K.L.:
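Got a structure for you, questions after.
Note that the numbering runs from 1 along the sequence shown for the chain. Because the structure is predicted, anything quoted here is derived from the model rather than measured.
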Amino acid sequence: MRITAALTTAANQPFEIVELELDDPREDELVVRVAGVGLCHTDVVAHAGLLFVPAPAVFGHEGAGIVERVGAKVTKVRPGDKVLMTFMSCGHCPCCEAASPAYCHSMRPLNFGGARPDGSVTLRRAGAPVNSHFFGQSSFASHALANERNVVKLLDGMPLEIAGALGCGIQTGAGAVMRSMAARPGSSLVVLGGGSVGLSGLIGGVVQGCRTLIVVEPQAARRDLALSLGATHVIDPATASPLAAAVRAVLPHGADYVLDTTGNAAVMEAGASMLAQRGTFGFLGIPPSREAKLPGVMSTALVGGHTYRGITEGDSDIDTYLPELMRLHLDGRFPFDRLVKTYPLANINEAVADQHKGLCVKAVLIP
């Protein structure tokens with residue numbers, strides 16, 4: 001079928017809205033008419049050519065929409081169902097069998113391979129292959145081809161256009177606090193970075209019942225938003241030097257949990273210095289170099305009994321955790337909609353620029 005999509009033609013060049021051909025669904029696949037798709041930092045990194053999928057390519061991995069067609073062996077959903085799309089996993093490796101698909105042994109080829117596992121692409125332009133199947137979906141488009149494993153039905157009442165935003169960045173931040181670190185009620189949490197992932201982690205801390213919640217963020221508007229979402233304190237890193245001392249002015253014994261969403265080496269080093277005895281340092285920000293080292297001093301971590309926790313997708317088991325987030329949202333306890341600003345898909349370049357400038361926290365594109 002013919003679809004419209006935002007095509008990356010070269011690294012760091014503006015997206016182009018073009019017409020492409022979408023492959024027919026195979027027996028375990030389905031076609032989703034996209035109602036909205038989140039713009040994630042990972043999409044921006046991929047667009048810059050810093051991941052493993054070369055141009056021409058269609059990115060987008062936080063799609064939501066309505067199922068239009070299903071393959072012969074699809075039983076999880078049927079045409080007409082409202083779904084959100086998330087990361088892809090194999091379903092049969094040790095991690096998938098242990099309900100930890102975020103650490104699937106085939107995570108890289110399934111999500112960043114630019115094609116199905118057998119090498120076939122799902123999109124073409126005038127007959128020429130386009131790198132696709134990004135996170136098993138490539139949903140910067142009017143329609144996306146997904147797999148039964150990477151879709152979740154929406155609960156009744158969920159806002160369809162913005163629901164896809166739960167599929168990566170938001171579940172990563174919230175899951176980091178709720179699942180990966182499993183913050184205890186009454187504990188203290190410091191979130192480094194007040195973007196959509198960090199603020200989702202903050203909301204997760206509120207859900208968990210953390211007593212002290214500190215957000216470190218340079219942009220005043222995001223600090224104000226953090227306070228309105230439940231932060232007890234906010235810190236501007238530009239005026240707090242050293243940063244760890246500013247945190248310890250609030251928490252003299254240190255923080256039980258520190259979550260880094262920045263990937264910035266200096267910020268992470270400060271974060272490691274904020275930990276309380278037996279504190280946990282969670283990190284999920286993409287560092288600028290693949291050779292980046294973990295922060296902190298080994299002797300301090302040893303004597304302090306510190307835990308360092310690398311986090312992917314918030315340790316989400318999508319069929320249980322995404323419905324949990326949806327229920328929390330419907331109950332008024334997970335207001336992720338307050339992070340969202342919508343743009344037409346045709347204005348994707350404006351959305352990227354606004355997100356980079358901090359004019360929005362979470363852009364959602366509407367085809």
K.L.:
With rounding to the nearest 0.5 angstrom, report the CZ to CD1 distance, Phe336 to Ile170.
P.N.:
6.0 Å

K.L.:
Any donor-acceptor pair under 3.5 Å linking the side-chain atoms of Gln171 with those of Ser316?
P.N.:
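Yes, side-chain donor-acceptor contact under 3.5 Å.
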
K.L.:
Working note: Val152 + Met326, criterion side chain to side chain contact (heavy atoms under 4.5 Å, CB included); need CA distance, chi angles, decisive distance, verdict.
P.N.:
CA-CA 11 Å; Val152 176; Met326 287 188 265; 4.0 Å; yes

K.L.:
Hey, are Arg211 and Asp256 close enough for a salt bridge, meaning a charged N less than 4.0 Å from a carboxylate O?
P.N.:
no

K.L.:
Kindly indicate, with the supporting measurements, whether the criterion side chain to side chain contact (heavy atoms under 4.5 Å, CB included) is fulfilled by Ile17 and Thr4.
P.N.:
CA-CA 7 Å; Ile17 305 299; Thr4 301; 3.4 Å; yes

K.L.:
Without hydrogens or angle criteria, can the side chains of Ser142 and Arg33 be said to hold a donor-acceptor pair below 3.5 Å?
P.N.:
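No donor-acceptor contact under 3.5 Å links the two side chains.
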
K.L.:
Taking the basic N atoms (NZ, or NE/NH1/NH2) and the acidic carboxylate oxygens, is any pair closer than 4.0 Å for Arg179 and Asp317?
P.N.:
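No, Arg179 and Asp317 are not salt-bridged.
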
K.L.:
Quick one: CG on Leu84 to CD1 on Ile162, what's the gap to the nearest 0.5 Å?
P.N.:
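So the CG of Leu84 and the CD1 of Ile162 are separated by 11.5 Å.
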
K.L.:
Could you tell me the separation between the CZ atom of Arg184 and the SG atom of Cys210, rounded to the nearest 0.5 Å?
P.N.:
9.0 Å

K.L.:
So do Leu284 and Thr312 actually touch side chain to side chain, heavy atoms under 4.5 Å?
P.N.:
no

K.L.:
Are Arg124 and Glu21 close enough for a salt bridge, meaning some N to O gap below 4.0 Å?
P.N.:
no

K.L.:
Measure centre to centre between the rings of Phe281 and His306, then say whether the value is under 6.0 Å.
P.N.:
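No, ring centres 6.0 Å or more apart.
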
K.L.:
Between Phe59 and Phe134, is the ring centre distance below 6.0 Å?
P.N.:
yes

K.L.:
Side chains of Asn12 and His47 only: does a donor on one sit below 3.5 Å from an acceptor on the other?
P.N.:
no

K.L.:
Run the side chain to side chain contact (heavy atoms under 4.5 Å, CB included) check on Met85 and Cys168 step by step: do they pass?
P.N.:
CA-CA 9 Å; Met85 294 174 277; Cys168 185; over 6 Å; no

K.L.:
About how many Å separate CG of Asn131 and OG of Ser138, when rounded to the nearest 0.5 Å?
P.N.:
8.5 Å

K.L.:
May I ask whether Tyr257 and Val247 are part of the same hydrophobic cluster, defined by side-chain heavy atoms of I, L, V, M, F, W, Y residues being less than 4.5 angstrom apart, directly or through others?
P.N.:
no

K.L.:
Dump the intermediate steps for ring pair (Phe, Tyr, Trp, His ring centres under 6.0 Å) on His329 and Phe334, then the final yes or no.
P.N.:
CA-CA 4 Å; His329 176 71; Phe334 195 82; 7.6 Å; no

K.L.:
Can you tell me how far CG of Asn147 sits from OG1 of Thr122, rounded to the nearest 0.5 angstrom?
P.N.:
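CG of Asn147 is found 11.5 Å from OG1 of Thr122.
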
K.L.:
Answer yes if the side chains of Arg223 and Ser228 hold a donor-acceptor pair under 3.5 Å, and no otherwise.
P.N.:
no

K.L.:
Can you tell me if Asp315 and Tyr103 form a side-chain donor-acceptor pair at under 3.5 Å?
P.N.:
yes

K.L.:
Taking all atoms of both residues into account, what is the closest heavy-atom pair of Pro101 and Arg149, and its distance?
P.N.:
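Reported closest heavy-atom pair: CB-NH2, 4.1 Å.
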
K.L.:
Using the rule that Ile, Leu, Val, Met, Phe, Trp and Tyr join whenever any side-chain heavy atoms are under 4.5 Å apart, tell me whether Tyr321 and Met88 fall into a single cluster.
P.N.:
no

K.L.:
Between the side chains of Asn150 and Thr86, is a donor N or O closer than 3.5 angstrom to an acceptor N or O?
P.N.:
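No, no side-chain donor-acceptor contact under 3.5 Å.
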
K.L.:
Please determine whether the number of non-hydrogen atoms from other residues, nucleotides or ligands lying under 6.0 Å from atom CG of Asp331 exceeds 12.
P.N.:
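Correct, the count exceeds 12.
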
K.L.:
Would Lys73 and Glu148 pass as an ion pair if we require N to O under 4.0 Å?
P.N.:
no

K.L.:
Is it the case that over 12 heavy atoms from other parts of the model lie below 6.0 angstrom from the NE2 atom of His356?
P.N.:
no

K.L.:
Should Lys76 and Asp319 count as an ion pair when the cut-off is N to O under 4.0 Å?
P.N.:
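Yes, Lys76 and Asp319 are salt-bridged.
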
K.L.:
Which atom pair, heavy atoms only, marks the closest approach of Val130 to Ala57?
P.N.:
CG1-CA, 3.8 Å

K.L.:
Quick check on side chain to side chain contact (heavy atoms under 4.5 Å, CB included): which of Ile3, Leu20, Val34 does His143 satisfy it with?
P.N.:
Ile3

K.L.:
Where do Ala46 and Leu51 come nearest, in terms of heavy atoms and distance?
P.N.:
CB-CD1, 3.8 Å

K.L.:
Can a cation-pi geometry be assigned to Arg309 and Phe283, taking NZ or CZ under 6.0 Å from the six-membered ring centre and within 45° of the ring axis?
P.N.:
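The answer is no, since Arg309 fails at least one limit relative to Phe283.
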
K.L.:
Arg125 and Thr9: side chain to side chain donor-acceptor pair (under 3.5 Å), yes or no, with the steps?
P.N.:
CA-CA 11 Å; Arg125 186 183 191 187; Thr9 57; over 6 Å; no

K.L.:
Does Asp24 form a salt bridge (charged side-chain N to carboxylate O under 4.0 Å, His left out) with Arg69? I'd like the steps, not just the answer.
P.N.:
CA-CA 9 Å; Asp24 289 329; Arg69 298 170 62 190; 3.3 Å; yes

K.L.:
Roughly how far, to the nearest 0.5 Å, is the OG1 atom of Thr261 from the CG atom of Leu192?
P.N.:
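With rounding to 0.5 Å, CG (Leu192) is 7.0 Å from OG1 (Thr261).
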
K.L.:
One thing to verify: whether Lys293 and Glu269 come together as a salt bridge, which I'm taking to mean a side-chain N less than 4.0 angstrom from a carboxylate O.
P.N.:
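Salt bridge between Glu269 and Lys293, a charged N being under 4.0 Å from a carboxylate O: no.
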
K.L.:
Above 12 or not: heavy atoms from other molecules or residues under 6.0 Å from CZ of Arg338?
P.N.:
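Yes - once you tally the heavy atoms of other residues, nucleotides and ligands closer than 6.0 Å, there are more than 12.
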
